[in-house]
Amino acid sequence: MNNSTMKKITVTVMASALTGTLLAGCGSSTDGASPQPAADSGKPAATNEAPTTIKIMSQTALDPIKDDNPLKLEIEKMTNTKLEFTWVPATAYNDKFNATLATGELPQVMLSNTARMTNVINAVRAGAFWEIGPYLKQFPNLSKLSPDVINTVTYDGKIYLLPRFRDGARHLIAYRKDWAKNLGIAEPKTLDDLAKMAKAFTENDPDKNGKNDTIGYAESSSLDALGRDISVYFGGPMNHGFMNDQVVPNFMTPEFFEGMKWYRNLYADKAINQDFALLNTTQQGELFTKSKAGIIISVDSNLKTYQKDLLKLDPNSEVGFIQGLPGPKGLRASSTGGTLGGYFFSKSSIKTEAELLKILGFFDKLSSREGMTIAYRGIKDVDYTMEGDLLVPNATLSTETQTGTAAFRELAVAHMNTGTPLKSEPASKLVADLVAANEKIAIFDVAGPLISPTKTEKGPELDKIKMDATVKFIMGQIDEAGFKKAIEDWKKAGGDKVIAELTAEYKKAQGK
């Protein structure tokens, strides 16, 4: 993907919304040691105003927090608010969101995990939510949110969703460093090196147990690493690129085909798990943590978990981490957009601009260093201590703190590294540094901010055509001609309309 092109779109989208210096809201990983903001604007100015009541619908993976939760009381004091929550179990949240949206009786603030679904797009265009873009520049913390990231969640060039910022280029490569040492293999420097390592891990008994019981590369049915990583390393776009005067999906590019051939060779050499098309991502991870596979590509948080789980089973194991591998266009990393859902602000429940500004002010204060530290770490000298400028979490946390942080992490829109930096283990710092380095070379999806009605309507059907053909090619069941025929089937089933709609939106955003 062409980063200069993305920046052109960004300028168009954000010109009326954000002014002045805009700092990136996405930083390194969970245990990163380099927070993004330069100032802390969390402490409220002295005021005699009554607290602002805010009604919020969101999700939680734990029990809902109680009204007297210490973290809730601390954040309410800091932001001069009274927070009234409707908490929904995370597993049921999307259904609850859709049902609530259908009634038209919306809370003031509501989380959306499905911002590109048809019902959400229709609600935005029907005027259900405030356009918040013009107001963001008024707030010291919200005005620093990365325009590149906000651009991925715009509607018709306007900002209605306040996105939850997360790491945007989190994919890394992890490999069994101890296995590589056993076989005398150096850390891979190219994609060919990685393929050779995968084959060696399959054929040469890297764990030295005398058995033929290992494979090189772990993958799942999602083939996430093919589209987000391998094809990008070969020089392809992230999801969509602009070429030959059209917005096209990555699987129609020569670079994606090179990535598929790379996978096909691994499959033929039995250097990838032969049942990948049947496994989910959890099972994929277990291949690595149970010492069945020696290479895996995933997001940083997963990789750190895999390392910890692996060490529990094999204390002598050692994991190496790689930022990525260079291809014809150098070292590139894919961006997932840098968001994880976000919050809408109801026009029916928030009656005035003044009321909206107070609610946005809450999110601004929560986005300060003080606010994000409470949201993710709790309260000083209760849940953590300080060693110099670094935060050291308690080994165990109370139930109140666990439920409180689970809740406010869902509410947080700024990146977690906005909070006080952690004292990190060496491996965690390495991973954080690699993710931060990826942020600087991230390739964005040119179609991220674009809306295609046909894609919204027929997405699952079209995705199945593409995925079935990809799997069959990797397994050797079809050849290049067969894959090209599947692309033609995709185009006839609605893909041509998707390309036309996305291209028109893209050119409109660029002012062409």
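The structure displayed is predicted, hence computed values, not measured ones.
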Under the side chain to side chain contact (heavy atoms under 4.5 Å, CB included) rule, collect the residues that match up with [X], sequence neighbours excluded.
{"X": "P453", "result": "E501"}
{"X": "A427", "result": "Q307"}
{"X": "T305", "result": "D309"}
{"X": "N119", "result": "N98, L101, M117"}

Between CG of D364 and CG of L142, what distance do you get to the nearest 0.5 Å? 4.5 Å
What distance do K365 atom NZ and F139 atom CZ have between them, rounded to the nearest 0.5 Å? 8.0 Å
Test item: [X] and [Y] side chains (from C-beta on) under 4.5 Å apart, heavy atoms:
{"X": "P421", "Y": "L390", "value": "yes"}
{"X": "Y155", "Y": "I121", "value": "yes"}
{"X": "F408", "Y": "L83", "value": "yes"}
{"X": "T399", "Y": "L62", "value": "no"}

Quick one: does [X]'s side chain have a donor or acceptor within less than 3.5 Å of a partner on [Y]'s backbone?
{"X": "T385", "Y": "D381", "answer": "no"}
{"X": "Q284", "Y": "L279", "answer": "no"}
{"X": "Q323", "Y": "L434", "answer": "no"}
{"X": "T373", "Y": "G419", "answer": "no"}
{"X": "R409", "Y": "Y376", "answer": "yes"}
{"X": "Q283", "Y": "S220", "answer": "no"}
{"X": "Q108", "Y": "I350", "answer": "no"}
{"X": "T403", "Y": "I65", "answer": "no"}
{"X": "N113", "Y": "G341", "answer": "no"}
{"X": "K329", "Y": "G235", "answer": "yes"}

Results of ring pair (Phe, Tyr, Trp, His ring centres under 6.0 Å) for W130 - residues two or more places apart only: none
Please enumerate all residues that pass ring pair (Phe, Tyr, Trp, His ring centres under 6.0 Å) together with Y384, with sequence neighbours excluded. none
Show the nearest heavy-atom pair for residues [X] and [Y], with the distance to one decimal.
{"X": "H415", "Y": "R166", "value": "CD2-C, 3.7 Å"}
{"X": "N250", "Y": "S231", "value": "ND2-OG, 4.4 Å"}
{"X": "E439", "Y": "A169", "value": "OE2-N, 3.5 Å"}
{"X": "P393", "Y": "L422", "value": "CG-CD2, 3.9 Å"}
{"X": "T114", "Y": "V120", "value": "O-CG2, 3.3 Å"}
{"X": "P107", "Y": "K55", "value": "CB-O, 4.1 Å"}

Under the side chain to side chain donor-acceptor pair (under 3.5 Å) test, which residues partner K455, sequence neighbours left out? none
Quick one: list whatever passes side chain to side chain donor-acceptor pair (under 3.5 Å) with S348, sequence neighbours left out. S346
In terms of heavy-atom contacts, does CG of D389 have more than 12 from other residues, nucleotides or ligands at under 6.0 Å? no
Contacts of [X] that satisfy salt bridge (Lys or Arg N to Asp or Glu O under 4.0 Å) - sequence neighbours left out:
{"X": "R125", "result": "D156"}
{"X": "E74", "result": "none"}
{"X": "R228", "result": "D224"}

Inter- and intrachain pairs under ring pair (Phe, Tyr, Trp, His ring centres under 6.0 Å), touching residues 340-367, at least two apart: F129-F344, Y343-F363, F345-F363
Side chains of T401 and D383: donor-acceptor distance under 3.5 Å anywhere? yes
Which is it for E400 and K66 under the salt bridge (charged side-chain N to carboxylate O under 4.0 Å, His left out) test, yes or no, and what are the steps along the way? CA-CA 8 Å; E400 286 182 325; K66 299 177 181 178; over 6 Å; no
Give the C-alpha distance, both sets of side-chain angles, the deciding distance and a yes or no for side chain to side chain contact (heavy atoms under 4.5 Å, CB included) between I359 and V109. CA-CA 9 Å; I359 294 172; V109 183; 3.7 Å; yes
